[in-house]
Peer 1: 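My questions all concern the structure below.
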2 protein chains.
Amino acid sequence: MDQKITRDPAMTDVARLAGVSHQTVSRVLNDHPNVREQTRLRVRAAIKELGYRPNRAARALVTGKTQLIGVVAQNSTLYGPASLLSAFEEAAGEAGFAVSVGRVKVLDRDSIAAAVERHRDQRVAGIVVIAPNSSAADALADVPADLPLVTVDGDPERPTPLVTVDQGAGAFEATAHLLQAGHATVWHVSGPPDWFDAAGRVAGWRQALETYHAEVPPVVAADWSAAAGYKAGQMLARMPEVTAVFASNDHLALGVLRAMHERGRRVPHDVSVVGFDDVPEAAYFIPPLTTVRPDFAAVARETLGLLLEQVSEGESIRPRRTIAPVLVQRESVAPPA
Amino acid sequence: MDQKITRDPAMTDVARLAGVSHQTVSRVLNDHPNVREQTRLRVRAAIKELGYRPNRAARALVTGKTQLIGVVAQNSTLYGPASLLSAFEEAAGEAGFAVSVGRVKVLDRDSIAAAVERHRDQRVAGIVVIAPNSSAADALADVPADLPLVTVDGDPERPTPLVTVDQGAGAFEATAHLLQAGHATVWHVSGPPDWFDAAGRVAGWRQALETYHAEVPPVVAADWSAAAGYKAGQMLARMPEVTAVFASNDHLALGVLRAMHERGRRVPHDVSVVGFDDVPEAAYFIPPLTTVRPDFAAVARETLGLLLEQVSEGESIRPRRTIAPVLVQRESVAPPA
DNA sequence: ACCGATGATGTTAGCGATAACACCCGTCAG
DNA sequence: CTGACGGGTGTTATCGCTAACATCATCGGT
């Protein structure tokens, strides 16, 4: 005959074993001050002996709060968002929060609203939305204000709590680096125009050109793919006056490299190229790519901090945080021939 | 003066508005049969009017079950695991389950055990572990058997429920493709030896060589990075007898391409290269990479299905599932010179 | 020696849902 | 005509926890 499957031990079981009331067990668990040291030890021993594990559902029911953070992100494997998400999950885990991820196929209003609703259903303590483009940012207007919410990579123009990489500063540095190498100007292959990251990089690029009194060539608009970078590169490769290209991310840069290669324009001898993101394999492109590296771990930390401030205090004194990226120099930049 | 912040509507509020008992509301919510159609409509209307949202914590407390699935994954942005995770989150979301991700810095026993514990604390309905190497697989021995658990990319030798890409078949196909192009043999740059994916690919490669009665050269062991591929490639590029290389993933292949390029060995004219994963930018390597594409969405679907079978039925009739990948032909393979 | 403050603990009342059972009322077979 | 049956509904207990209050020593100040 099977042994009767007993239910998981509850607080009362611990209390009985320790010879105290369940409330005292609760106090020990929540680090209340007024518990005698000896009692505390007895309770802890009982907890250990029974393998007791507090029931979060019960706690959530009575307190009305959970230790859950919802994240809304697009279902993509783009390096930036994926790194960010991963870093955030780790940071939150270390802070004792569980992270529930709601993936969304497209970042439109309906999908985001639905994902946020699902998270509200779960009574999350707060929500992080990775909202890197304007449709996503628009959708946030629908989110009720009673729920702590932090936007990552969102619209810098909006007054919502936001953490983002300083795209402008990174792009400025990349462009300035090329100009300082002696190039007359720098062409730019941009990401999708409705992405804030892309827009910010365009702005930084333009500002650098203006600062150095260089001519501002037209932006070559693309998306984030190597395919688009290749196409843009094919065009740029045919133009002899193009000697320096700043691509809005490393995969675009990869496409540009390939197009230049096919056209017989050597990098960096004939054309210099700089990317953005510092994907792990960027150091092994042909040639190794000079690029801009954002600190995703820092973004994740700031995001978590900002969210928790809102959770505990209702709002934050410093609701906008910007993380400056650094330029990583490799071998894709040289003075013009 | 502030309006009093009223709490979220509960079932009793809906009941009062609809003029029924809270239990009837519960019945409507759970689609119980014995509710008059008219009552059902009245209740639904009340739910809508109040914006009522069932409290999952309360439900979990009384039923002892949650709609939460825990995932344990490494904190990395490797393309395979990241794609898998993303696909799984989407699949689970569509099935009405929330996914709580526990990231782990390294896949060792302690970290995994801790992550699993955190998920148990949350009373997840089941756990998915992305356990692509042996240390991770070992750690699973510690996981109590009372919790539904599915391993993804885990040890094919273990009798646990498992879903994995058919590494052997993919590697076989890649190798056979090179041999059929006329190469006398195929060299292999492998991933980390303790990863099952890598081991499976080595096995498939070897099997193909044996099937075609080709000589089996020594395995060039690396990790998953472009850096390691570059190093391996530098060695292989110096060996004139090397005309075909199967790299265990696309980033390794990228490193090999670069090494070949630097050494003046043209791909595919002098050396053919095949990768594995079909990362989005593989089509824009120089030259576009022939590679093996796993279907991560299928893996995710099978994983979810397997887990839910265990949750509802205790076990599964078909606890091991394998997804066959396909060869994607591009321009990095040609007959030997 | 008395008394209020303080510390350590116990008791009771919910949180918001589901489960189990009770109840009412038609319908239908005997 | 009556009693068994079952659909539709309400009532009550319960899940495991925390909040709020109650209780009872102990202790220092007058």
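Heavy-atom basis, side chains included; hydrogens, waters and symmetry copies ignored. Here is how names work: the chains are called A, B, and so on, in the same order as the sequence lines, proteins then strands, and each is numbered from 1.
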Peer 1: For the pair B:S86 (side chain) and B:A82 (backbone), establish whether a donor and an acceptor sit closer than 3.5 Å, ignoring hydrogens and angles.
Peer 2: no
Peer 1: With a 4.0 Å cut-off on heavy atoms, is A:N34 in touch with a base, just the backbone sugar-phosphate, or nothing at all?
Peer 2: base
Peer 1: Think A:R36 has a side-chain N or O under 4.0 angstrom from the OP1 or OP2 of C:dT9?
Peer 2: yes
Peer 1: Write down the distance between CG (B:N55) and C1' (D:dG16), rounded to a whole number of angstrom.
Peer 2: 14 Å
Peer 1: It should be established whether A:T63 places a side-chain nitrogen or oxygen under 4.0 Å from OP1 or OP2 of nucleotide D:dA19.
Peer 2: no
Peer 1: Identify which nucleotide among C:dT18, C:dG16, C:dG10 has an atom closest to any side-chain atom of B:A10, counting heavy atoms from C-beta outward.
Peer 2: C:dG16
Peer 1: Where the side chain of A:H22 is concerned, which of C:dT12, D:dT9, C:dG16 is the nearest nucleotide?
Peer 2: C:dT12
Peer 1: For D:dT18 and A:S26 - does any side-chain N or O of the residue sit under 4.0 Å from the phosphate oxygens OP1/OP2?
Peer 2: yes
Peer 1: Can you find a donor-acceptor N/O pair under 3.5 angstrom joining the side chain of B:R40 to the base of D:dG8?
Peer 2: no
Peer 1: Once you round it to whole Å, what is the distance between C1' of D:dA19 and CG of A:L61?
Peer 2: 13 Å
Peer 1: Between A:P9 and B:T24, just flag the one whose closest nucleotide in DNA chain D comes earlier from the 5' side.
Peer 2: B:T24
Peer 1: Check whether the side chain of A:R53 and the base of D:dG16 form a donor-acceptor pair under 3.5 Å.
Peer 2: no
Peer 1: Less than 4.0 Å between a side-chain N and a carboxylate O, is that true for A:E94 and A:R301?
Peer 2: no
Peer 1: Of the listed nucleotides (C:dC15, C:dA19, C:dA17), which one gets closest to any side-chain atom of B:Q23?
Peer 2: C:dA19
Peer 1: Has the side chain of A:E302 got a donor or acceptor atom that lies under 3.5 Å from a matching backbone atom of A:T322?
Peer 2: no
Peer 1: Assign A:R56 to base, sugar-phosphate, or nothing according to its heavy-atom contacts below 4.0 angstrom with the strands shown.
Peer 2: nothing
Peer 1: For B:T66 and B:A60, indicate whether the former's side chain and the latter's backbone hold a donor-acceptor pair under 3.5 Å.
Peer 2: no
Peer 1: Identify which nucleotide among C:dA17, D:dT18, D:dT9 has an atom closest to any side-chain atom of A:N30, counting heavy atoms from C-beta outward.
Peer 2: D:dT18
Peer 1: Do NZ/NE/NH1/NH2 and the carboxylate oxygens of A:D121 and A:R118 come within less than 4.0 Å?
Peer 2: no
Peer 1: Tell me whether the side-chain N/O atoms of A:R59 come closer than 4.0 Å to OP1 or OP2 in D:dT18.
Peer 2: yes
